[in-house]
There are 2 protein chains.
Amino acid sequence: MSNNEVFKALSDPTRREILRLLGLREMSAGQLTEKFDMTKPSMSHHFAVLKEADLITSRREGQQIIYSLNTTVVQDMLTWMLDFFRHDSNRNNEP
Amino acid sequence: MSNNEVFKALSDPTRREILRLLGLREMSAGQLTEKFDMTKPSMSHHFAVLKEADLITSRREGQQIIYSLNTTVVQDMLTWMLDFFRHDSNRNNEP
DNA sequence: AACACAATTAGACAGTTGTCTAACAATCTA
DNA sequence: TAGATTGTTAGACAACTGTCTAATTGTGTT
């Protein structure tokens, strides 16, 4: 996972909504697609970007592909972000 | 500030580095530009995107424009993100 | 006023992105 | 095996993005 890929993945509203939904529960490609006004190939593209960034994982279950949030990477990213902006809260009393 | 503008702004590595530098101390456009292998107009464009997203503020001091991190908005964004991914840590024992 | 300095704006251009339709692949069931 | 279901891959295309050079704006200095 590269940081840049993660940020690129997060830069699209559709993909952020996919992540939000997967934060609630894992879902099949079809279930996710139902929630958006978009064709299946377009959604499939977004899944691929999120997978490339390692933000989600997938497994096949019969005819369906089940997507899940990659908890570890999401946590890592949040930690990284907090560290990145750590200086906000105290940049006046630290060297 | 729209969430989308913030994420778009964060999707570029140069802009993230600008934010990181401004997290350390406020700097003039020229000082920031020195840190990158890029022309002034290109940097100016990045400043504009960051300002549009309300992630930085600027003030004129003589001939120079001084840029600073917008602490409030950065904090808000981090809070929003943490809330967004809140379900990560406990999505197996919550409804 | 004339010039230098710091920075932005305007406009062009190649590369990337998000979306679509059409075609293909994998799995299940009759 | 044929057909239905679920999903991805291929390819096209308009819109957006990041970069550059050239021109412009605003400020200070002589």
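Below, read A as the first sequence line, B as the second, and so on, with proteins coming before strands; counting in each chain starts at 1.
In terms of modelled atom types and a separation under 3.5 Å, the side chain of Arg25(B) and the main chain of Ser68(B) share no donor-acceptor contact.
Between Thr39(B) and the phosphate of dC20(D), there is a side-chain N or O to OP1/OP2 separation shorter than 4.0 Å. The side chain of His46(B) places an N or O atom within less than 4.0 Å of a non-bridging phosphate oxygen (OP1 or OP2) of dT19(D).
We find that CD of Glu61(A) is positioned 19 Å from P of dA26(C), with the value rounded to whole Å. Rounded to whole Å, atom C1' of dT17(D) lies 19 Å from atom CZ of Phe7(B). In this entry the distance linking CD of Glu52(B) with C1' of dC16(D) reads 15 Å, nearest Å. Atom-to-atom, CG of Asp37(B) to C1' of dC20(D) comes out at 13 Å; the value is rounded to the nearest Å. Protein atom CE of Met38(A) is 12 Å distant from nucleotide atom P of dT21(C), rounded to whole Å. Atom NE2 of His45(B) is separated from atom P of dG11(C) by 16 Å (rounded to the nearest Å). Rounded to a whole Å, the CG atom of Asp12(A) is 13 Å from the C1' atom of dT16(C). Taking atom CD1 on Ile18(B) and atom C1' on dG18(D), their separation rounds to 12 Å, with Å as the unit.
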Working note: Glu17(A) + Arg20(A), criterion salt bridge (charged side-chain N to carboxylate O under 4.0 Å, His left out); need CA distance, chi angles, decisive distance, verdict. CA-CA 5 Å; Glu17(A) 179 64 6; Arg20(A) 193 187 66 78; 2.8 Å; yes

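In this model, no donor atom of one side chain and acceptor atom of the other lie less than 3.5 Å apart for Lys51(B) and Thr57(B). No side-chain donor-acceptor contact under 3.5 Å links Arg16(B) and Asn3(A).
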Treating primed atoms plus P, OP1 and OP2 as sugar-phosphate and everything else as base, which nucleotides of nucleotides 3-8 of chain D get B, S or - for protein heavy atoms under 4.0 Å? --BBBB

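Not counting sequence neighbours, Arg60(A) has no partner by the salt bridge (charged side-chain N to carboxylate O under 4.0 Å, His left out) test.
Taking 4.0 Å as the cut-off between side-chain N and carboxylate O, Glu61(B) and Arg59(B) count as a salt-bridged pair.
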